[in-house]
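This report refers to the structure that appears directly beneath it.
In the text below, chain A, chain B and the rest are named by the order of the sequence lines, each starting its count at 1. These values consider heavy atoms only, across backbone and side chains, with no hydrogens, waters or symmetry-generated copies.
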There are 2 protein chains.
Amino acid sequence: MYKKTMYICTMYSKELLKGTLKTIILKMLSESDSMYGYQITQKVKEITEGKIVLTEGALYPALHKLEADGLLTTKKQTVGNRVRKYYSLTKTGNSDAKEKVEELKEFMETLKAIINLTPQKLAWSI
Amino acid sequence: MYKKTMYICTMYSKELLKGTLKTIILKMLSESDSMYGYQITQKVKEITEGKIVLTEGALYPALHKLEADGLLTTKKQTVGNRVRKYYSLTKTGNSDAKEKVEELKEFMETLKAIINLTPQKLAWSI
DNA sequence: ATCTTATGCATAAGAAAATTATGTAAAAAC
DNA sequence: GTTTTTACATAATTTTCTTATGCATAAGAT
């Protein structure tokens with residue numbers, strides 16, 4: 001019998017995270033030579049002070065997809081008696097990463113236009 | 001025979017929009033007495049300069065869900081020969097709207113921590 | 001010593017939330 | 001009079017995640 005520790009405890013309704021996972025992965029990898037899956041979850045958790053916690057069930061399939069799409073390459077490395085799978089960006093992956101991050105920035109700017117809406121601003125057009 | 005005009009043309013990969021729809025709806029309604037579905041799509045398009053375009057297939061089910069959950073109430077109004085369905089926030093809906101918007105703001109702040117990451121910052125912990 | 005937690009990968013079942021497509025119908029614009 | 005816009009709605013499908021399951025080694029606690 002085995003026990004699995006809980007790994008979900010973001011302070012946000014997780015819905016918001018949807019659609020941002022791949023961008024997060026690509027950004028993380030674009031700031032490092034290479035990282036392995038578990039390491040990515042830990043770094044993201046650390047950087048966001050525990051506010052964003054990637055789940056394995058989402059992370060690994062996403063990594064596999066990105067690799068299949070040619071954005072990532074892998075290198076296996078044995079540490080002690082265990083195998084780590086290091087991911088790094090391909091050339092395509094690198095430019096895609098920049099694109100996706102830019103897109104996310106712009107999207108966040110656009111969202112602000114709605115979030116910072118006041119009745120006055122809305123009234124102009126009603 | 002009828003023809004349906006295309007209504008999808010956001011400048012963003014639509015993925016990013018996922019999870020933000022309800023928050024957007026609630027925010028729009030919190031800045032207005034009441035709005036009807038089509039009006040919401042038009043206002044959002046206008047405010048975001050065409051960058052965010054809500055689709056009917058997503059909007060209406062979301063509105064129905066929010067109503068079923070007690071966040072919205074509806075009033076039907078006949079204009080000419082057609083019926084408009086005006087939505088407005090309930091008391092619960094109002095506080096929920098504030099909550100969701102706050103959550104989105106905080107989430108965006110957290111995302112920034114990742115997006116603005118530099119190799120130096122990441123290196124601290126690698 | 002042994003039990004638990006942490007590390008490290010992976011995949012499958014199910015849910016949630018969207019896209020896409022379809023449908024109706026009146027009003028306005030051309 | 002034909003097309004576009006306004007205005008609703010729902011169903012089929014896809015995408016993307018959560019949740020659960022599974023295996024296995026290493027480290028830390030008791």
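For B:K75, there are no salt bridge (charged side-chain N to carboxylate O under 4.0 Å, His left out) partners, not counting sequence neighbours. Qualifying side-chain hydrogen bond (donor to acceptor under 3.5 Å, both in side chains) partners for B:K112, counting only residues two or more places apart in sequence or in other chains: B:E109.
In this structure, OH of B:Y38 is placed 14 Å from P of D:dT4, rounded to the nearest angstrom. Following rounding to the nearest Å, B:Y36 (OH) and D:dT5 (P) show an atom-to-atom distance of 15 Å. The distance from atom CG of B:L59 to atom C1' of D:dA11 is 17 Å, rounded to the nearest whole Å. Between the P atom of C:dA6 and the CG atom of A:N81 lies a distance of 22 Å, rounded to the nearest Å. As rounded to whole Å, 10 Å separates atom P of D:dC17 from atom CG of A:L54. The separation between B:M35 atom CE and D:dA7 atom C1' is 14 Å, rounded to whole Å. Atom CD1 in A:I24 sits roughly 14 Å away from atom P in D:dT16 (whole-Å rounding).
A salt bridge is absent between B:E103 and B:K100: the closest approach of a Lys/Arg side-chain nitrogen to an acidic carboxylate oxygen does not fall below 4.0 angstrom.
Put simply, OG1 on A:T73 and OH on A:Y87 are 10.5 Å apart, with the number rounded to the nearest 0.5 Å. Between the CG atom of A:D96 and the CD atom of A:E99 there is a distance of 5.5 Å, given to the nearest 0.5 Å.
Between B:V83 and A:K65, the one whose closest nucleotide on DNA chain D sits nearer the 5' end is B:V83.
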Under 3.5 Å between N/O atoms: give me all the protein pairs with nucleotides 28-30 of chain C, atom names plus distance.
none

Pairwise N/O distances under 3.5 Å, protein to nucleotides 11-13 of chain C:
from   : atom 1 : to    : atom 2 : distance (Å)
C:dT11 : OP2    : A:H64 : ND1    : 3.3

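Judged purely by atom type and a 3.5 angstrom limit, A:K27 uses its side chain to pair as donor or acceptor with the backbone of B:I115. For A:S32 (side chain) and A:L29 (main-chain N/O), no donor-acceptor pair under 3.5 Å exists by modelled atom type. A side-chain donor-acceptor contact under 3.5 Å links A:T90 to the backbone of A:L71.
Across all non-hydrogen atoms, the minimal contact from A:K85 to A:Y36 is O-CB, 3.1 Å.
A:K85 has a side-chain polar atom (N or O) that falls below the 4.0 Å cut-off from OP1 or OP2 of C:dA10.
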*After noting the C-alpha distance and the side-chain angles of A:L59 and A:I25, does the key distance pass the side-chain contact (heavy atoms from CB on, under 4.5 Å) rule?*
CA-CA 8 Å; A:L59 177 73; A:I25 292 174; 3.8 Å; yes

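Relative to the axis of its first five pairs, the axis of the last five pairs of the helix from C:dA1-D:dT30 to C:dC30-D:dG1 sits at 30°, rounded to 10 degrees.
Applying the salt bridge (charged side-chain N to carboxylate O under 4.0 Å, His left out) rule to pairs touching residues 61-74 of chain A yields A:K65-A:D69, sequence neighbours excluded.
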